[in-house]
Amino acid sequence: MRNWRTHIELIAAVLSGILIIIAYLLETSGVASLSIFTYLLAFGIGGYAKAKYGLKKTLEDRKPNVELLMVLAAIGASIIGYWTEGAILIFIFSLSGALETYTVNKSRQELSALMKIQPEEAWLLKGNETTRVGISTLKPGDKLVVKPGERIPADGKLVKGHTVVDESTISGESIPVSKDVPDYLFASTVNLSGAITMEMTKPNSETLVQKIIDLVQSAQSEKPPSQQFVERFEGNYVNVVLVVFALMLFLPHYLFNWDWNTTFYRAILLLVVASPCALVASIMPATLAAISNGAKSGIIFKGGVHLENLSAVRAIAFDKTGTLTRGKPQVTDFVLREGLDSTAIMEKIAGIEKQSNHPLAKAITEYITSQKIEPLANLQITDVPGNGLKSIIQGEEIKIGKPAFAGEDEAEAFHGGLLTRLANEGKTVTFVRDSQGIAAAIALKDTIRDNTKSTIHELQKAGIFCIMLTGDNEKTAKAIAEESGVDAYVGGCMPGDKVKELKKLITDYEFVAMTGDGINDAPALATATTGIAMGEGTDVALETADVILMKNDLSRIAYSIRLARKMEKVVKQNMYFSVGVIIVLVFLNFMQSITIPYGVIGHEGSTILVILNGLRMLNRKV
């Protein structure tokens with residue numbers, strides 16, 4: 001039943017078409033009265049929805065619209081005896097309307113799919129017992145068990161087990177992602193392998209998939225500026241057409257000596273060919289299809305206006321940490337004093353560092369344990385704020401921290417000035433000191449993402465200026481800028497400085513995008529003509545941005561710009577084509593070189609072609 005209701009417009013249009021064929025056969029067979037009745041039936045079935053909508057909108061807005069023009073044209077054609085032509089007009093008009101409805105429904109399929117895959121129940125863990133409960137009863141902090149093959153019921157972190165998760169519903173990526181403690185899990189994604197225990201961290205109303213649904217719903221209801229302009233233009237244009245129609249009912253008879261039948265015929269045909277149906281359908285179907293395409297590809301546009309702005313972007317500013325880079329430091333160099341037992345010193349370093357929550361300490365511990373070396377247990381450490389850590393191990397003091405903490409002169413001289421070389425590469429260097437002096441130098445760096453360089457290169461090929469804005473010092477900023485390949489960089493940027501730089505870029509380039517993920521990026525995201533947030537960024541950044549990259553995939557920026565530019569190209573094609581068709585048909589009508597059937601085909605055919613052209617935006621490959 002639901003599927004039948006979904007296609008009611010198309011069914012009505014097809015039934016209208018069948019009735020027109022029957023009526024025409026009856027007419028040619030000489031059964032005039034029955035053929036007229038059948039034509040009227042075709043009018044009613046095919047034109048009911050459009051006539052009802054047109055009259056309702058006319059009364060609500062107190063101004064005529066395209067639907068009203070079509071109804072008047074069909075009635076006028078019937079009055080002068082052109083039943084077939086009037087019925088065909090209604091048929092094609094209703095068919096184009098059904099096609100436009102199909103476009104809207106098609107663009108919302110991804111949203112409907114997301115809503116359907118949201119789990120309704122979950123296994124709640126209390127003590128050693130699991131209970132099947134409704135999702136609505138869960139709250140942050142609850143422990144949940146997810147079995148292989150089940151959908152993850154809530155956003156949260158993995159606290160027990162290992163698994164592989166299919167995240168294609170939120171990222172668009174078909175390759176499953178490996179998950180270990182304490183990786184983050186997203187609601188509605190699929191647990192493919194092991195049974196796991198997770199801790200719910202967000203209420204259901206704030207899960208990532210729910211945010212996607214809310215954002216797409218908002219985007220689909222928001223009309224871009226070009227559509228708003230066309231709709232305003234439509235109201236004034238329809239008034240002009242009606243005035244010209246009224247004049248054509250008698251002026252050509254006196255000015256050009258047309259007989260009354262020809263005068264009325266051409267006035268009716270003017271209503272058909274001058275109607276801006278194709279122009280009205282030039283923008284919204286293509287925009288909805290592009291928004292749907294983005295949702296399938298892990299890109300959420302908060303509205304058509306942002307697609308239009310993105311198509312015109314000529315410069316993009318990037319935050320560094322968490323955007324161009326991974327957002328957490330990794331060990332790049334581990335240099336030991338000659339003759340030192342590497343395993344023994346690494347055990348001590350890991351034993352000290354694992355007791356700290358500092359990001360550098362965590363990175364060092366992860367690096368050492370990845371070498372299959374176990375940290376020493378139960379060490380007593382002393383935290384020296386702003387400098388590092390120290391501990392007494394078997395009567396020997398071990399210090400780990402800044403060069404000054406380990407002995408600045410010795411640190412600078414270690415391995416022939418290694419500190420200077422590593423610092424010039426934008427790396428942070430931590431030193432380890434034992435009783436014999438500097439034992440090790442550990443260099444760490446927030447490394448760039450795998451696709452950062454290729455994305456920057458692709459954007460530059462598209463004629464877009466790329467600049468990095470970061471709060472890091474000059475050396476680190478320069479190193480990352482050179483590695484990523486951006487055109488320019490500005491180091492030492494506080495949030496207010498980023499806003500100032502964005503305003504300069506807007507002055508120079510007019511349309512400027514900003515990409516970031518943190519709270520400190522929010523002012524710049526709001527200042528840019530298009531704010532782009534990384535999907536795993538802070539809630540503030542996600543709320544402020546206009547476009548969201550669901551899986552922190554920078555390559556989606558280049559894709560979103562290609563998508564926006566293609567949409568803009570399709571919209572322009574549609575508008576130029578629809579206006580051109582109207583001009584040609586109006587001219588041919590005044591020259592008396594076109595009849596109502598051809599006028600109907602030309603006008604409504606152009607509307608259908610425009611909608612089909614917009615549907616091309618659903619194609620995943622852009």
Side-chain angles (χ1 to χ4, degrees), residues 182-184 316-335 349 353-354 356-370 386 388 400-403 418-431 440-457 466-495 497-498 501 514-522 524-525 532-538 540-541 549 551-557:
D183 289 342
Y184 208 79
I316 298 182
F318 293 90
D319 171 50
K320 179 186 79 71
T321 306
T323 303
L324 292 179
T325 65
R326 299 179 188 278
K328 63 179 184 177
Q330 292 183 318
V331 174
T332 58
D333 303 84
F334 206 115
V335 183
I349 295 169
E353 294 284 51
K354 79 170 188 177
S356 171
N357 288 322
H358 194 283
L360 296 183
K362 287 183 177 181
I364 293 170
T365 305
E366 287 176 9
Y367 174 80
I368 293 174
T369 54
S370 70
I400 306 175
K402 293 181 176 180
L418 180 67
L419 172 60
T420 302
R421 295 198 301 275
L422 293 174
N424 286 337
E425 293 174 10
K427 297 174 181 177
T428 300
V429 186
T430 295
F431 285 91
I442 308 169
L444 301 100
K445 187 179 181 181
D446 185 6
T447 56
I448 67 170
R449 298 180 185 275
D450 295 336
N451 56 7
T452 293
K453 197 166 185 176
S454 60
T455 297
I456 297 297
H457 179 66
C466 298
I467 182 171
M468 181 181 74
L469 307 177
T470 176
D472 284 344
N473 61 57
E474 181 70 17
K475 285 184 177 179
T476 301
K478 183 180 179 182
I480 295 295
E482 289 176 350
E483 192 176 352
S484 63
V486 294
D487 296 299
Y489 70 93
V490 180
C493 277
M494 299 300 285
D497 298 322
K498 289 184 179 181
E501 293 296 330
M514 169 70 195
T515 307
D517 71 325
I519 294 174
N520 62 322
D521 297 319
L525 289 170
I532 304 172
M534 308 300 277
E536 293 176 5
T538 62
V540 175
L549 311 180
K551 287 299 291 179
N552 284 23
D553 185 354
L554 274 181
S555 68
R556 299 291 86 187
I557 296 178

Search all heavy atoms of Phe318 against all heavy atoms of Met514 and return the closest pair with its distance.
C-CE, 4.4 Å
For Asp183, which residues count as a side-chain hydrogen bond (donor to acceptor under 3.5 Å, both in side chains) partner, sequence neighbours excluded?
none
From Ile467 atom CD1 to Ile316 atom CD1, the distance as rounded to the nearest 0.5 Å:
12.0 Å
So do the side chains of Pro329 and Thr428 get within less than 4.5 Å of each other, counting heavy atoms only?
no
Which atom pair, heavy atoms only, marks the closest approach of Gly516 to Leu525?
N-CD2, 4.0 Å
Closest non-hydrogen contact found for Arg449 with Thr323 is NE-O, 2.9 Å
Salt bridge (charged side-chain N to carboxylate O under 4.0 Å, His left out) partners of residues 477-490, not counting sequence neighbours, each pair once
Lys445-Glu483
Closest non-hydrogen contact found for Val331 with Ile364 is CG2-CA, 4.0 Å
With a 4.5 Å cut-off on side-chain heavy atoms, are Asp497 and Val490 touching?
no
Evaluate the side-chain proximity of Ile480 to Thr470: yes if any heavy-atom separation is below 4.5 Å, no if none is.
no
side-chain hydrogen bond (donor to acceptor under 3.5 Å, both in side chains) against Arg326, all qualifying residues, sequence neighbours excluded:
Thr447, Asp450
Set of residues satisfying side-chain contact (heavy atoms from CB on, under 4.5 Å) with respect to Ala423, sequence neighbours excluded:
none
Using the side-chain contact (heavy atoms from CB on, under 4.5 Å) criterion, which residues pair with Ser484? Sequence neighbours excluded.
Leu324, Thr452, Val486
Using side-chain hydrogen bond (donor to acceptor under 3.5 Å, both in side chains) as the criterion, list what pairs up with Thr430, not counting sequence neighbours.
none
Non-neighbouring partners of Glu366 that pass side-chain hydrogen bond (donor to acceptor under 3.5 Å, both in side chains), sequence neighbours left out
none
May I ask you to test the Tyr367-Ile442 pair for a side-chain heavy-atom distance under 4.5 Å?
no
Under the side-chain contact (heavy atoms from CB on, under 4.5 Å) test, residues paired with Ser356 that sit two or more places apart:
His358, Ala361, Leu389
Between CD1 on residue Ile456 and CG on residue Leu554, distance to nearest 0.5 Å:
7.0 Å
With side chains defined as the heavy atoms from C-beta onward, is the minimum distance between Lys320 and Asp446 less than 4.5 Å?
yes
Tell me the closest heavy-atom pair linking Met534 and Gly322, and the distance in Å.
CG-O, 3.9 Å
